[in-house]
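For reference, the structure discussed in these notes is given below.
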Number of protein chains: 2
Amino acid sequence: MGASLELAVSTVILALLPGTTAGCGDETLQLHLPLVRRTREPFAGRWALPGGWVTPDERLSSAARRTLAETTGLRPSYLEQLYTFGAPHRSPTGRVVSVVYTALVRAPEAAAVEIGENVRWAPADRLMETVGELAFDHAEIVDYALWRLRTKVGYAAIAQHFLGETFTLAELRGVHEAVLGKHLDPANFRRSVAASGAVEATDEVRSGAAHRPARLYRAVLPPGGATGGYPPWQSRPELG
Amino acid sequence: MGASLELAVSTVILALLPGTTAGCGDETLQLHLPLVRRTREPFAGRWALPGGWVTPDERLSSAARRTLAETTGLRPSYLEQLYTFGAPHRSPTGRVVSVVYTALVRAPEAAAVEIGENVRWAPADRLMETVGELAFDHAEIVDYALWRLRTKVGYAAIAQHFLGETFTLAELRGVHEAVLGKHLDPANFRRSVAASGAVEATDEVRSGAAHRPARLYRAVLPPGGATGGYPPWQSRPELG
DNA sequence: TCCGTTCAGGTCAGCGCGACACTAACACCA
DNA sequence: TGGTGTTAGTGTCGCGCTGACCTGAACGGA
């Protein structure tokens with residue numbers, strides 16, 4: 001029935017890395033994503049999202065995981081389905097339907113990517129300036145992923161995915177400021193986070209700096225069913 | 001590359017129809033969705049979501065529209081992509097990946113469905129009791145669609161899709177009460193809707209009943225870009 | 001010892017929302 | 001014709017969340 005049609009997966013992986021501004025000084029974090037340079041037609045030489053074909057016996061998310069690891073070496077712990085793109089002429093060489101997954105990774109994991117001639121991190125908000133036009137409709141896909149991150153993702157998810165096991169509230173706030181692109185009041189941010197129940201305090205503190213040490217916190221996953229349904233990001237039972 | 005794999009589309013169409021409670025009295029509206037009885041294996045005799053195969057030259061949404069019209073006669077004006085289900089053994093007869101679309105339709109449009117031996121409306125919250133277990137993983141798909149409707153859809157969209165061109169606030173409130181399954185305070189509902197800017201008052205009123213006539217309102221679409229991105233339901237440029 | 005910096009917590013005003021009382025405008029009926 | 005019932009629509013109050021700002025706590029460094 002539905003033949004002569006290829007099913008692919010792509011992934012939009014977002015990481016907060018130091019800004020690659022050529023000038024010095026500016027040490028701010030910026031959203032980056034890994035891109036792969038195409039070596040074959042169509043769009044040979046252009047940069048594209050990591051991805052590949054789905055094999056008959058693997059889950060869609062497994063295909064995304066596998067192709068991501070094959071091309072970039074990244075192995076994120078959690079992938080979320082973003083959208084399925086299937087316009088008839090997305091690819092000039094035939095009908096390709098792409099199920100796109102997205103994930104957030106920490107900077108240490110992001111460092112696992114073997115940067116090379118054909119793999120690189122690119123600043124999500126300046127793709128055009130840094131790598132030129134993306135292959136296929138991948139620029140549109142990235143835009144949609146960024147919109148989802150900025151409008152739909154909560155404290156716990158961002159903390160858990162962008163920071164380590166434990167973190168200070170200042171670190172969590174810094175991550176949020178980088179994602180949202182605006183300054184947040186430390187006191188109000190603290191209250192807001194505490195009220196959300198997304199983090200819990202640990203006994204430890206982070207010392208060493210020339211000021212009062214900060215308490216360390218840990219992300220606490222939503223109790224899975226407390227909201228009576230599917231939380232939007234993490235912790236939804238993976239759908240088939 | 002990615003062969004031996006079928007791509008299908010399914011649709012979850014939601015309409016508010018009078019409750020089919022056998023007993024008298026209860027005239028409340030209930031969420032219903034159209035189901036189609038399968039005539040072939042697998043799952044012959046079981047009820048399933050309307051859907052079918054994607055042909056090589058049509059958009060995914062067009063395939064959803066076409067198969068929905070072929071099986072039920074429904075032609076909703078707008079379809080929204082819900083999720084793509086692709087677990088390896090969803091279908092016992094081979095690998096099938098289903099891109100699921102969803103839409104809300106008004107009762108008059110819903111009446112266009114030619115009810116028969118193999119097509120019927122079923123109450124969304126009592127599928128098991130009324131039609132037994134659905135084919136494939138369609139019950140899971142319906143659950144996810146209901147969750148999305150109840151938690152993600154705003155005033156304007158519900159008004160526009162479930163009601164006519166103009167409507168009273170009482171009608172809009174009734175629709176929301178039916179969707180959410182709980183009573184809403186008329187005064188607070190009015191203020192909340194007004195503040196959202198999702199509706200605008202018209203000059204007309206609806207008279208005829210034995211009480212003060214109610215002003216008619218009209219749904220106003222979000223200004224498409226006011227939020228600087230993709231509004232969640234209606235009015236997002238259809239993605240590829 | 002003093003000082004600068006950051007952590008941590010508190011206060012206060014404004015806003016949105018739920019609960020509830022009240023007025024307005026029609027149809028119906030005695 | 002005027003009273004009555006019913007629903008439309010408005011006003012008010014209190015609570016909780018949020019932004020803006022202030023104060024004390026705890027460190028390293030001069």
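No experiment lies behind these values; they were computed from the predicted model shown. Proteins get letters first, then strands, A, B, ... in listed order; numbering begins at 1 in each.
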Do any side-chain nitrogens or oxygens of A:Arg212 fall under 4.0 Å of OP1 or OP2 in D:dA25?
no
Near DNA chain C, which residues from residues 179-188 of chain B have a heavy atom under 4.0 Å away?
B:Asp185, B:Ala187, B:Asn188
Using modelled atom types and a 3.5 Å cut-off, is there a donor and acceptor pairing between side-chain atoms of B:Ser192 and backbone atoms of B:Phe189?
no
Between CG of A:Asp143 and CD of A:Glu140, what distance do you get to the nearest 0.5 Å?
8.0 Å
Measure across A:Pro34 and A:Thr72 and return the closest heavy-atom pair with its distance rounded to 0.1 Å.
CB-CG2, 4.4 Å
How close do A:Arg173 and A:Leu184 get, heavy atom to heavy atom, and via which atoms?
CD-O, 3.7 Å
Heavy atoms under 4.0 Å, any strand shown: does B:Arg191 hit a base, just sugar-phosphate, or nothing?
base
Comparing B:Pro213 with A:Gly208, nearest DNA chain D nucleotide closer to 5' gives the residue B:Pro213
For A:Arg148 and A:Glu80, work out which heavy atoms get closest and say how close.
NH2-OE2, 3.3 Å
Quick one: closest heavy-atom pair of B:Val100 and B:Val12, and the distance?
CG1-CG2, 4.0 Å
Mind listing the closest non-hydrogen atom pair of B:Arg90 and B:Phe136 along with its distance?
O-CD2, 3.6 Å
Please give me the minimum heavy-atom distance between B:Arg206 and B:Leu216, naming the atom from each residue.
NH2-CD2, 3.7 Å
Bounded by its outermost nucleotides with an atom under 4.0 Å from a heavy atom of chain A, the footprint on DNA chain C reads C:dG4 to C:dT11
Heavy-atom nearest nucleotide on DNA chain C for B:Ser207 versus A:Glu171: which residue maps closer to 5'?
A:Glu171
